[in-house]
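Notes follow the structure.
Every chain is numbered from 1, with letters handed out A, B, ... down the list of sequences.
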There are 2 protein chains.
Amino acid sequence: MRLVIAQCQVDYSGRLTAHLPWAKRLIIVKADNSVSVHADDRAYKPLNWMSPPCTLRVREPVTDEAAAVAGIDPRIDQVWEVDSAGGDHLQILLGQPDLDVTEDLGVDPGLQKDGVEAHLQELLAENPQAFGPGWTVVQREYMTPIGPVDLLCRDAEGCYVAVEVKRRGEINGVEQLTRYLDLMNRDHLLGDEVHGVFAAQQIKPQARVLAETRGIGCVTVDYDALRGMDHPEDRLF
Amino acid sequence: MRLVIAQCQVDYSGRLTAHLPWAKRLIIVKADNSVSVHADDRAYKPLNWMSPPCTLRVREPVTDEAAAVAGIDPRIDQVWEVDSAGGDHLQILLGQPDLDVTEDLGVDPGLQKDGVEAHLQELLAENPQAFGPGWTVVQREYMTPIGPVDLLCRDAEGCYVAVEVKRRGEINGVEQLTRYLDLMNRDHLLGDEVHGVFAAQQIKPQARVLAETRGIGCVTVDYDALRGMDHPEDRLF
DNA sequence: GTGTCCATTTCGAGG
DNA sequence: CCTCGAAGTGGACAC
C-alpha cells in the first residue's frame with residue numbers, strides 16, 4: 001500500500017466524466033492496484049477512484065527546462081495514468097508530495113459479520129412461531145422460476161405462505177414478494193392459493209400500506225428477542 | 001487528516017456486529033472525525049468504519065506493569081473508542097504504529113461531474129424524437145402524488161406517454177414506472193390512457209421482459225449520439 | 001424530519 | 001462470466 005499526500009488535479013472518464021481542480025489530497029494505491037483520491041471529509045468515500053483490475057503508469061519527473069518546452073506546468077512532479085479493462089481512465093497530475101510512503105500490509109484475515117439478512121432468515125426458519133402459533137417451515141430458499149422465496153411456510157390451517165425476509169422492509173421488498181405470489185398462484189405450483197407475509201426488523205409505513213392493499217401480512221421481527229428464543233440459555237432470566 | 005498504519009483489532013457494534021482479528025492495517029481519521037480501517041485490497045471500501053458525526057476518544061499508552069495488572073495485552077499501545085449519536089460503537093485496539101502522520105488538507109474545491117442520469121434526462125427532453133417521429137415533451141419531472149415522472153410526452157398521435165429514464169434499466173425501474181402508470185390511469189389524471197416507455201442506455205433482459213409483459217415500451221439510448229444530435233456542431237462530419 | 005431515488009454505487013453469491 | 005440482490009449502503013432533493 002502506497003500513501004501519497006500532495007497537491008493534485010484529477011480527471012476521470014468512463015461511466016461518466018469528472019474533474020477535480022488543483023488541491024491537496026490523499027491518494028491511496030492498494031496492492032490490488034486500485035487508486036483512490038480522498039479529501040479530508042465525506043467519511044470513507046473518495047472523491048475519485050479507479051477500481052481493480054486496473055493498471056497504473058507513472059510518468060517520471062521532468063526537468064524544469066523539459067517541462068517548459070513541453071508546456072507542462074512546472075508544479076507538476078508526476079503524471080499518473082490509471083486504466084481499467086472497461087476503458088475507464090483516470091489521470092492524476094501530482095505536485096511535490098508532502099508524504100509518500102509504502103507499507104506492506106499482507107493479506108487480511110477478513111471480517112466476521114453477524115446480524116445480516118441471512119441470520120434473520122435463519123432465526124425465523126428455526127422459530128416459525130414468530131409468525132403465529134402452529135406455523136411450520138416447509139423450506140428455506142424455495143426456488144421458483146423467477147428466484148427463491150426466502151421461506152415457504154404453512155400456517156395453523158395448513159395453508160402455504162410465502163415469506164419474504166428483509167432487515168428493513170421497503171416497497172421493493174413488497175414488489176418482490178408480489179411477483180413470487182403472482183407466479184405461484186397463476187401456475188398453481190402449490191395447489192391452493194398461497195398467501196404472503198412480509199417480515200422485517202422494521203417496516204416502512206408506505207411498504208406496510210402497499211402490502212396490506214395486496215393482502216400481504218406484515219410481521220416486524222425483534223432480532224435480539226428471536227435470538228433469545230433460539231438459545232434460551234443465553235438469556236439472563 | 002491522520003494516517004496510522006499499525007497492527008490492530010477492531011470491533012463494531014451497531015446496525016450489525018462485526019469483528020476484525022489482529023492484523024496490520026491502515027486507519028484514516030478525517031477532519032470530520034470519521035474513522036475508516038483499510039486492508040490492502042477491496043478497492044476503496046474499508047473493512048470497518050464510523051461515519052460522521054462521531055466522537056473519537058483515545059486511551060493513552062499504559063506501562064507494561066500497569067497493563068499486566070489490568071490484564072491488557074502488552075502489544076496494545078492505544079485503545080480508540082469511536083461513538084456515533086445513533087449508538088454505534090467502534091473499538092480499535094492498536095499496536096505500535098509503523099506510521100502515524102497528521103496533515104492538514106484544507107477544504108476541497110469539490111468534484112465536477114458530467115454524464116449522470118440527470119444529463120441523460122435533459123438530453124432526451126431536448127430530443128424527444130429519440131422515442132419516435134412527432135413526439136413532443138409536455139413536462140420534465142411531472143409530479144404525481146407518489147413521485148415525479150421523469151418525462152411526460154405525447155406521441156405522434158397525441159397520446160400521453162410517461163417516460164422513465166435510467167442510465168441502466170433494471171427491474172426496479174419498471175416497477176417504478178408501473179406504479180406511476182397505475183396511478184395515472186386509475187385516477188384518469190390525463191383523460192385517456194397513459195402509455196409507458198422505459199428509456200435507458202442499457203436495459204437488462206429481465207427488465208425488458210417485465211416491461212413488455214406490462215405493455216411498456218423499451219428504448220435504449222445512445223448518450224454520445226444524443227449529445228451529437230443535440231449539438232451537431234460538435235460532430236466531425 | 002421523513003420519504004424517495006440515484007450511484008462511476010460496491011460487494012458477494014449463485015447459475 | 002453474467003445476473004441478481006444485499007448493504008452498517010451513502011447522499012441529494014422534495015415534501
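D:dG8 and D:dC4 are spaced 22 Å apart, taking the P atom of each and rounding to whole Å. C:dT4 and C:dT8 are spaced 22 Å apart, taking the P atom of each and rounding to whole Å. Between the C1' atoms of D:dA6 and D:dG10, the separation comes to 15 Å (whole Å).
The side-chain contact (heavy atoms from CB on, under 4.5 Å) test with A:V149 is passed by exactly one of A:M184, A:E164, A:E141: A:M184. When each of A:C54, A:P46, A:P53 is tested with A:M50 by the rule side-chain contact (heavy atoms from CB on, under 4.5 Å), just one qualifies, namely A:C54. Test B:L90, B:V4, B:V10, B:L93 against B:W80 for side-chain contact (heavy atoms from CB on, under 4.5 Å) and you get one pass: B:V4.
The residue among A:A207 and B:V116 whose nearest nucleotide of DNA chain C lies closer to the 5′ end is A:A207. Residue-to-nucleotide proximity on DNA chain D shows that, of B:A18 and A:P148, the 5′-proximal contact is made by A:P148.
Contact annotation: A:R15 reaches the phosphate of C:dT10 (side-chain N/O to OP1 or OP2, under 4.0 Å). A sub-4.0 Å separation between OP1 or OP2 of D:dT3 and a side-chain N or O of B:R168 is absent. OP1 or OP2 of D:dA6 sits under 4.0 Å from a side-chain N or O of A:K166. Taking 4.0 angstrom as the limit, B:Q206 places a side-chain polar atom (N or O) nearer than this to OP1 or OP2 of D:dC4. Note on B:K204: every side-chain N or O is 4.0 Å or more away from OP1 and OP2 of D:dT3.
In this structure, the side chain of A:N33 does not engage the main chain of A:L56 through any donor-acceptor pair within 3.5 Å. No donor-acceptor distance shorter than 3.5 angstrom exists from the side chain of A:N48 to the backbone of A:V37, with no hydrogens or angles considered.
Whole-Å rounding puts the B:R179 CZ to C:dT4 C1' distance at 9 Å. Whole-Å rounding puts the A:R42 CZ to D:dG11 P distance at 9 Å. Following rounding to the nearest Å, A:Q112 (CD) and C:dG12 (P) show an atom-to-atom distance of 15 Å. Atom CG of A:D41 is separated from atom P of D:dG10 by 16 Å (rounded to the nearest Å). Atoms CG (B:L47) and P (D:dA7) sit 17 Å apart, rounded to a whole Å. In this structure, B:K30 atom NZ and D:dG10 atom P are separated by 14 Å, rounded to whole Å. One atom, CE of B:M143, and another, P of C:dT4, lie 12 Å apart when rounded to the nearest Å. When the C1' atom of C:dG12 is taken as reference, atom CG of B:L16 falls 15 Å away, rounded to whole Å.
A:M50 comes within contact range of no nucleotide atom at all, as no heavy-atom separation falls under 4.0 Å. Note on B:Y44: only backbone sugar-phosphate atoms sit closer than 4.0 angstrom, heavy atoms only; bases stay farther off. Note on A:P205: only backbone sugar-phosphate atoms sit closer than 4.0 angstrom, heavy atoms only; bases stay farther off. At a threshold of 4.0 angstrom between heavy atoms, the contacts of B:N172 with the nucleic acid are absent. Counting non-hydrogen atoms under 4.0 angstrom, B:Y180 reaches the backbone sugars and phosphates but no base.
In this structure, of C:dG3, C:dC6, D:dG10, it is C:dC6 that holds the atom nearest to the side chain of B:E117. Candidate nucleotides C:dT8, C:dG3, C:dC5 were compared by shortest atom distance to the side chain of B:Q176, and C:dC5 ranks first. Here D:dA6 is the nucleotide among D:dA6, C:dT8, C:dG3 with the atom lying nearest to any side-chain atom of A:E164. Residue A:I171 has its side chain nearest to C:dT4 when only C:dT4, C:dC5, C:dT10 are considered. Of the candidates C:dT8, D:dC15, D:dG8, D:dG8 carries the atom nearest the B:Y12 side chain, counting heavy atoms from C-beta on. Proximity note for B:K45 (side chain, C-beta onward) versus C:dT4, D:dG8, D:dC4: the nearest is D:dG8.
The distance from atom NE2 of A:H19 to atom NZ of B:K113, rounded to the nearest 0.5 Å, is 14.5 Å.
The closest side-chain donor-acceptor pair between B:D114 and B:Q112, if any, does not fall under 3.5 angstrom.
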